[in-house]
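Have a look at the structure below, then the notes.
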Amino acid sequence: MDVKQQDEHSGIEFGIYTLADLGPDPHTGKTISAQKRLEEIIEAAKIADQAGLDLFGVGEHHRLDYAVSAPPVVLSAISQVTKRIRLISTTTVLSTVDPVRLFEDFATLDLLSNGRAEIMAGRGAFIESFPLFGYDLENYDDLFEENIKLFQELSANERVTWKGRFRSPLYNAEIAPRPAQKNIPLWVGVGGTPESAARAGRLGTGLALAILGGDPIRFKPLVDAYRQAASEAGHAPEVLKVGVTGHTYIAETTQKAKEEFFPYYANYWEYFNFQLGRDASMSRADFEQLASPETALFVGSPQQIIEKVLRQYELFGHKRFIAQMDIGGLPFEKVAKSIELLATKVVPVVRREIGAK
């Protein structure tokens with residue numbers, strides 16, 4: 001059975017994504033350059049493509065401690081060195097990007113990649129893009145919804161007449177180029193609010209859950225809210241898509257995975273919270289709790305990861321799982337090994353188990 005046939009039977013896709021953080025290696029204190037980080041991201045995408053994974057994602061930040069502010073540019077570079085893997089933004093900060101520019105950029109990516117472009121829209125963990133692009137934080141939520149609706153209008157029509165609150169109106173405007181796909185798939189990233197999940201359902205987009213810790217069962221109400229809102233809005237069940245994203249590190253044994261990953265994850269936890277203006281550290285006991293079998297932190301042996309993915313599949317019936325591996329200054333060779341184990345030891349077993357059910 002080839003990969004495509006397995007996907008049809010299992011109904012689940014696997015991928016990896018990066019936010020391109022520029023964290024110091026906790027063992028050496030050295031931080032790689034943005035140029036080197038971009039080179040490693042492109043190489044990781046090539047490895048994922050060759051290993052048969054389905055998706056590769058790149059996120060957007062507007063800070064000096066992240067290397068990517070323009071996902072479609074990076075994804076376009078990746079499109080030229082990969083053959084089949086789908087290319088997705090994880091995430092696009094939709095509140096502060098012009099939807100017309102966003103559509104044009106991703107339509108161009110779609111043409112360059114022969115129909116492999118997707119967008120995951122979110123509001124992001126940081127707010128730097130609001131003053132950077134001249135937007136008011138008071139309009140945080142309204143901007144997001146208006147821009148989703150406009151993007152959907154642009155995707156559906158070659159010429160658009162439209163008027164909203166936050167950008168200049170469009171009068172029979174030509175929306176070009178048109179993508180290779182009929183529509184560029186649009187997902188909404190949700191971190192924990194039922195209202196956001198319900199909006200994704202009402203608008204008929206995919207729902208991407210950012211499950212970064214704790215018991216994943218707490219996200220079940222969000223999936224229920226998404227599907228209920230979609231049904232009430234008249235969207236057919238077959239067009240609904242749920243994805244799960246999560247921090248991931250895989251080694252040959254669970255103990256080895258935890259020993260190797262803990263210094264990097266504790267490092268990430270500390271500098272990420274510092275970026276948000278919070279003072280937080282992580283003890284080994286904290287980490288052990290976060291990585292325990294019943295939680296959503298995907299750190300362990302292939303078998304441990306398989307069990308966690310399958311448990312979440314029972315809860316959500318999701319269509320894809322995307323792992324974030326390269327955080328905390330983790331050296332590239334460890335990222336590459338983790339990608340290999342995901343592709344060769346986890347994906348085939350999960351597909352077989354779900355297909356059998």
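- Y249 and Y265 have their aromatic ring centers separated by at least 6.0 angstrom.
- For residues 202-216, the side-chain hydrogen bond (donor to acceptor under 3.5 Å, both in side chains) pairs, not counting sequence neighbours, are E145-R202, D215-R311.
- No side-chain N or O of N172 forms a donor-acceptor pair with one of T161 less than 3.5 Å apart.
- Applying the 6.0 Å contact sphere to CG of N114 captures no more than 12 heavy atoms from other residues, nucleotides or ligands.
- Between R178 and E104, no side-chain nitrogen of the basic residue sits less than 4.0 Å from a carboxylate oxygen of the acidic one, so the salt-bridge criterion is not met.
- Two rings, from Y140 and Y135, have their centers 6.0 Å or more apart.
- A donor-acceptor contact closer than 3.5 angstrom links the side chains of Y271 and D21.
- Taking F166 as the reference, nothing meets the ring pair (Phe, Tyr, Trp, His ring centres under 6.0 Å) condition, with sequence neighbours excluded.
- Checked against side-chain contact (heavy atoms from CB on, under 4.5 Å), A176 has no partners two or more places apart in sequence or in another chain.
- Cation-pi check for R320 over F14 is not met; the charged atom does not lie both under 6.0 angstrom from the ring centroid and within 45 degrees of its normal.
- With no hydrogens or angles considered, a side-chain donor-acceptor pair links D286 and S283 at under 3.5 Å.
- Residues E294 and S292 bring a donor and an acceptor atom of their side chains to less than 3.5 Å of each other.
- Residues forming a salt bridge (charged side-chain N to carboxylate O under 4.0 Å, His left out) with E314 (at least two apart in sequence, or on another chain): K357.
- Listed by first and then second residue, the side-chain hydrogen bond (donor to acceptor under 3.5 Å, both in side chains) pairs that reach into residues 321-340 are Y17-Q324, T18-D326, R37-D326, H247-Q324, sequence neighbours excluded.
- Taking the salt bridge (charged side-chain N to carboxylate O under 4.0 Å, His left out) definition, one finds that R116 meets it with nothing, sequence neighbours left out.
- Within the structure, salt bridge (Lys or Arg N to Asp or Glu O under 4.0 Å) pairs that include any residue of residues 223-247 comprise K220-D224 (at least two apart or interchain).
- Classification of D54 and R351 as a salt-bridged pair holds, one side-chain N sitting under 4.0 Å from a carboxylate O.
- Under the ring pair (Phe, Tyr, Trp, His ring centres under 6.0 Å) criterion, F274 pairs with no residue, sequence neighbours left out.
- Ring geometry for Y66 versus H61: interplanar angle under 30°, hence parallel rather than tilted (30 to 60°).
- Within a 6.0 Å radius of CD1 in I127, other residues, nucleotides and ligands contribute 12 heavy atoms or fewer.
- Because its NZ or CZ atom is both nearer than 6.0 Å to the ring centre of F126 and within 45° of the ring axis, R63 counts as a cation-pi partner of that residue.
- Here D49 pairs with nothing under the salt bridge (charged side-chain N to carboxylate O under 4.0 Å, His left out) rule; sequence neighbours left out.
- Counting only N and O atoms by type, the side chains of S113 and S79 include no donor and acceptor under 3.5 Å apart.
- Side chains of S155 and K182: no donor on one and acceptor on the other come within 3.5 Å.
- Every residue two or more places apart in sequence or in another chain was checked for a ring pair (Phe, Tyr, Trp, His ring centres under 6.0 Å) with H235, and none qualifies.
- When the salt bridge (charged side-chain N to carboxylate O under 4.0 Å, His left out) test is applied to R167, the partners found at least two apart in sequence or on another chain are D98.
- A salt bridge is defined here as a Lys NZ or Arg NE, NH1 or NH2 lying under 4.0 Å from an Asp or Glu carboxylate O, and K149 with E146 fails to meet this definition.
- With sequence neighbours excluded, the residues satisfying ring pair (Phe, Tyr, Trp, His ring centres under 6.0 Å) with F151 are F103.
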